[in-house]
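What follows is a single structure, written as C-alpha cells, with notes after it.
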Amino acid sequence: MAYETINVEVQDHVCLIKLNRPEALNALNSELLTELCAALEEADASDKVRCIILTGSEKAFAAGADIKEMSEMSFVDVFTNNLFADTNDRIAAIRKPIIAAVAGYALGGGCEVAMMCDFIIAADTAKFGQPEINLGVIAGMGGSQRLTRFVGKSKSMDMNLTGRFMNAEEAERAGLVSRVVPAKKLLDEATAAAQKIAEKSLLTAMAAKEAVNRSYELPLSEGMLFERRVFHSMFATEDQKEGMAAFLEKREAQFRDK
Ligand code: HXC
C-alpha cells in the first residue's frame with residue numbers, strides 16, 4: 001500500500017516503519033495515525049514480516065498529537081469521535097513484536113505511541129515528555145497510565161504535572177527504555193535486535209509478547225496461571241521439540257512456526 005506520511009520497508013523479515021512528516025516534527029495527525037495503524041496491521045498479517053521497528057527522524061520520533069488539528073475541536077467532537085481510542089486499540093492488538101527506535105523528541109502522543117510498542121531503544125539524543133498540561137489538556141493515549149507503570153507514580157506525576165522532558169539516560173534509569181545507544185547506531189541496533197527476534201519461532205515470540213502484556217491486566221496469581229498455561233501449551237508445538245533437540249545436539253535451531 002502507498003502511504004503519504006510514513007515510509008514502510010521490509011527487509012530480511014523486518015518491517016521498518018518510519019514516521020515522515022518532517023515539517024511538523026512527525027506530529028501525529030489523523031492521516032498519519034490512520035496510515036500507521038494500517039501499516040502495522042499489514043505487517044502483522046504479512047508472511048514476510050517477523051518483527052516490526054517503528055522509528056522517526058533524527059530530530060523527532062514524534063512531537064505529539066497534531067496541535068493544529070486539535071486546536072479547534074470541541075468536547076462534542078472528541079467525545080463523539082472517541083479521539084485516539086481507535087489508535088490505542090489497533091496498536092495494542094498487533095500480535096507481532098514491535099520495537100520503537102526513538103531519537104529526538106518523543107512527546108505527548110509521541111511518547112505514548114512509543115510506549116505502545118513492546119520495548120523502546122533510545123538514541124542518546126532522545127527526549128521523552130508528557131507536556132500536554134502546557135496546552136490545557138492531559139495525556140490521552142496512555143501518558144497517565146502506561147507511563148506510571150513504566151516509571152512509577154512520583155516520576156510520572158513529575159512528567160505529567162510539570163511537563164518537563166526526560167533525557168535518554170534518565171529514561172533508561174527509570175525503566176522507560178530498554179537501552180540507550182549512540183544516535184548514529186540507533187537503526188543498526190534496532191535492526192540487530194529485530195533480526196534476533198525474527199530468528200526465533202514467531203509462534204513463541206507472539207506467545208511471549210501476549211504473556212508479558214497480560215501482566216498489565218491481571219493480578220499476580222492470575223498472570224502466573226496465564227503464563228503457566230501458555231508455557232504448557234508450547235509443548236504442543238514442533239518448535240519446542242526442535243529448540244530443545246537443537247540445544248542437545250549443539251546446533252542452531254531451525255524453527256518453522258509450527
Ligand atoms: C503540530 C507541531 C507539533 C505538534 C511541532 N510542530 N510539534 N505541529 N503539532 N505537536 C511544528 C511546529 O509548529 C513547527 O512548525 C515545526 O513543527 C517545528 O517545530 P518548532 O517548535 O519550530 O521546533 P523547535 O523549536 O525545535 O521545538 C521542538 C519542540 C516544540 C520542543 C518539540 O515543537 C514543541 O514543544 N512541540 C509541541 C510538543 C507538545 O506539546 N506535544 C504534545 C502535543 S499534545 P512551523 O510551521 O511553525 O515551522 C498531545 C496530546 C496527546 O500529544 C493526547 C493523545 C494523543
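Ligands are counted one by one from 1 in listed order, and the atoms in each one are counted from 1 as well. Atom set for the values below is all heavy atoms of this structure, side chains included, hydrogens, waters and symmetry mates excluded.
Checking side-chain atoms of Lys200 against main-chain N and O of Phe255 turns up no donor-acceptor pair under 3.5 Å. Between the side chain of Asp77 and the backbone N or O of Ser74, at least one donor-acceptor pair lies under 3.5 Å.
With side-chain heavy atoms closer than 4.5 Å counting as contact, directly or through intermediates, the hydrophobic cluster containing Leu218 also holds Phe226, Val230, Met234.
The side-chain heavy atoms of Ile52 and Leu40, taken from C-beta on, include a pair separated by under 4.5 Å.
Closest non-hydrogen pair, Lys127 versus Leu107, comes out as O-CD2, 3.9 Å. Residues Ala139 and Glu132 come closest through the heavy atom pair CA-OE2, 3.5 Å.
Closer than 4.0 angstrom to ligand 1 lie heavy atoms from Glu23, Ala24, Leu25, Ala27, Lys59, Ala63, Gly64, Ala65, Asp66, Ile67, Met70, Phe84, Tyr105, Leu107, Gly108, Gly109, Glu112, Pro131, Glu132, Leu135, Gly140, Met141.
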